[in-house]
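What you see is a predicted model, and the numbers here were worked out from it, not measured in a lab.
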Amino acid sequence: MSDFVPGLEGVVAFETEIAEPDKEGGALRYRGVDIEDLVGHVSFGNVWGLLVDGAFNPGLPPAEPFPIPVHSGDIRVDVQSALAMLAPVWGLRPLLDIDEQQARDDLARAAVMALSYVAQSARGQGNAMVPQREIDKAQSVVERFMIRWRGEPDPKHVAAVDAYWTSAAEHGMNASTFTARVITSTGADAAAALSGAVGALSGPLHGGAPSRVLKMLDEVEESGDPEGWVSDALDRGERLMGFGHRIYRAEDPRSRLLKKTAKELGSPRVEIAEALEQAAHEAIAKKNPDHSYTNVEFWSAIVLDVAEVPPNLAPAMFACSRTAGWSAHVLEQKRLGVLVRPSAKYIGPGARSLQEV
């Protein structure tokens, strides 16, 4: 048995053709295409196609008119529950029992329903659904999402969400993607795999950090002293959300792209965000240069703020973006056809009697 590695960090469990994070060069490529060539040029629905099919078209189809069946008051719970319910409603069969084309089509239907469910849940139970005829006027999946949520597609909001979703669409073997592959390896249906991946986002360490970044910015702005605020926070042992990454040793390319987007869209938070970024970078670099750069979550918070996305919706927005990567990995795992079954090293007590217990 190989040496125990806590959290499996650095352990290679899969070979993939989907995404390539360049940890030294500070780049991220989707099936060989740099995301810098995608953001602002290819809409998210077609980026979904690139990751899943290796081609922009046909991409992600429009969501079917389907009212969300769960209203718990928690958007993540609503979406996770509603996705799981698609299997019996639509008659989705286990991935083990269907061919690759059917699996791809099931994933497309379920993935775009995740977007629809987030929009419906965010709109709130007390508000009437937007008429389908209005949604059908949209020119992209992102625009459809914004209409379904708010009733009208502000171009700046659409651009912000599209940039964020494309930047966060895929990033290798993170917690939610690994969850989706494990579920897929059992032969479960496509909706179950996506639902389980959404569940992995319920903790703040994966997908939830943008909701905490704005709080930091507000406190820094109120203090008027970015360097002092950072110093005090580090002295208290607090974690600065949005800094450092377990993959990149250079600048996170997604952070760089979203910073550019925030500036282009005229975010009023750019100045204070850059001040906090510089102060934190200098302070953290003294102790750990490899983890001093901002990651995708820092500038995601500012871009989502441009789109007037409330902080509590950040994890659900991340789930929307990651439906692309999850779907691609579910298909890749189906092709692999191997049950994911790692081992555990037992370190408990030796054999003992009932009396000893």
Side-chain angles (χ1 to χ4, degrees), residues 14 16-20 28-31 33 35 38 42-64 66 79-80 82-84 86-87 90 92-96 98-118 140-142 144-145 162 164-201 206-207 316-337 340:
F14 306 101
T16 183
E17 300 178 356
I18 300 168
E20 180 187 10
L28 174 61
R29 292 178 283 274
Y30 295 164
R31 295 196 183 274
V33 181
I35 62 169
L38 294 171
V42 181
S43 190
F44 173 76
N46 300 107
V47 172
W48 188 96
L50 172 64
L51 287 166
V52 175
D53 302 320
F56 294 131
N57 294 312
L60 199 57
E64 300 168 30
F66 199 122
V79 175
Q80 184 181 2
L83 281 174
L86 289 177
W90 283 350
L92 299 183
R93 298 168 59 203
L95 290 161
L96 185 67
I98 58 178
D99 61 24
E100 187 175 320
Q101 183 60 49
Q102 185 61 59
R104 185 264 179 214
D105 292 345
D106 287 354
L107 285 163
R109 290 181 76 192
V112 79
M113 279 310 304
L115 274 56
S116 174
Y117 284 157
V118 168
S140 69
V141 166
V142 179
R144 292 176 71 90
F145 172 90
D162 208 333
Y164 170 65
W165 281 0
T166 294
S167 298
E170 159 61 6
H171 204 253
M173 206 48 52
N174 46 72
S176 59
T177 299
F178 186 71
T179 299
R181 289 195 74 135
V182 170
I183 294 172
T184 300
S185 79
T186 71
D189 63 81
L194 296 183
S195 175
V198 172
L201 299 181
H206 180 43
M317 294 296 282
F318 181 74
C320 289
S321 70
R322 200 49 66 87
T323 57
W326 294 339
S327 298
H329 278 276
V330 167
L331 273 184
E332 195 169 72
Q333 184 63 36
K334 174 176 169 53
R335 295 187 195 108
L336 182 61
V340 177

remark   = Minimal heavy-atom distance between D106 and A190, with the atoms involved, is CB-CB, 4.0 Å
ask   = Rounded to the nearest 0.5 Å, how far does CD of E100 lie from CD of E332?
value = 10.5 Å
task = Scan residues 107-116 for pairs that pass side chain to side chain donor-acceptor pair (under 3.5 Å), counting only residues two or more places apart or in two chains.
result = E64-R109, S116-Q120, S116-R148
inquiry  = Quick check for you: to the nearest 0.5 Å, what is the distance between F44 atom CZ and F145 atom CZ?
reply    = 10.5 Å
query = Which atom pair, heavy atoms only, marks the closest approach of S195 to A84?
reply = OG-CB, 3.8 Å
Residues forming a side-chain contact (heavy atoms from CB on, under 4.5 Å) with N57, sequence neighbours excluded = N46
message = Using 0.5 Å steps for rounding, measure from the NE2 atom of H171 to the CZ atom of R322.
response = 7.5 Å
query = If we only count heavy atoms from C-beta on, is the W165 to V47 side-chain gap below 4.5 Å?
reply = no
message = Working to the nearest 0.5 angstrom, can you tell me the gap between H329 NE2 and T179 OG1?
response = 12.0 Å
inquiry  = Ignoring hydrogens, what is the shortest heavy-atom contact between A114 and V79? Give both atom names and the distance.
reply    = O-CG1, 4.2 Å
message = Does any part of the side chain of L50, heavy atoms only, come nearer than 4.5 Å to the side chain of V33, both counted from C-beta?
response = yes
ask   = Do you know the tightest heavy-atom contact between A19 and E170?
value = CB-CG, 3.3 Å
ask   = Could you state the interatomic distance from CG (L60) to CG (L51), rounded to the nearest 0.5 Å?
value = 11.5 Å
inquiry  = Given 3.5 Å as the limit, does a donor-acceptor pair link the side chain of D189 with the main chain of A191, or not?
reply    = yes
key: Any Y117 side-chain heavy atom under 4.5 Å of V198 side chain   = no
Nearest non-hydrogen partners of A324 and W48, listed with the distance = CA-CD1, 3.2 Å
message = Determine whether a donor-acceptor pair (N or O, by modelled atom type, separation under 3.5 Å) exists between the side chain of K334 and the backbone of L95.
response = yes
task = Answer yes or no: is there a side-chain heavy-atom contact under 4.5 Å between T166 and D162?
result = yes
message = Once rounded to the nearest 0.5 Å, what's the spacing between atom CZ of R181 and atom CG of L331?
response = 10.0 Å
note = Of all heavy-atom pairs linking A200 and S176, the shortest is CB-CA, 3.6 Å
ask   = Does any non-hydrogen side-chain atom of Y30 lie less than 4.5 Å from one of I18?
value = no
Option passing side chain to side chain contact (heavy atoms under 4.5 Å, CB included) with C320 (candidates V112, V141, L115) = L115
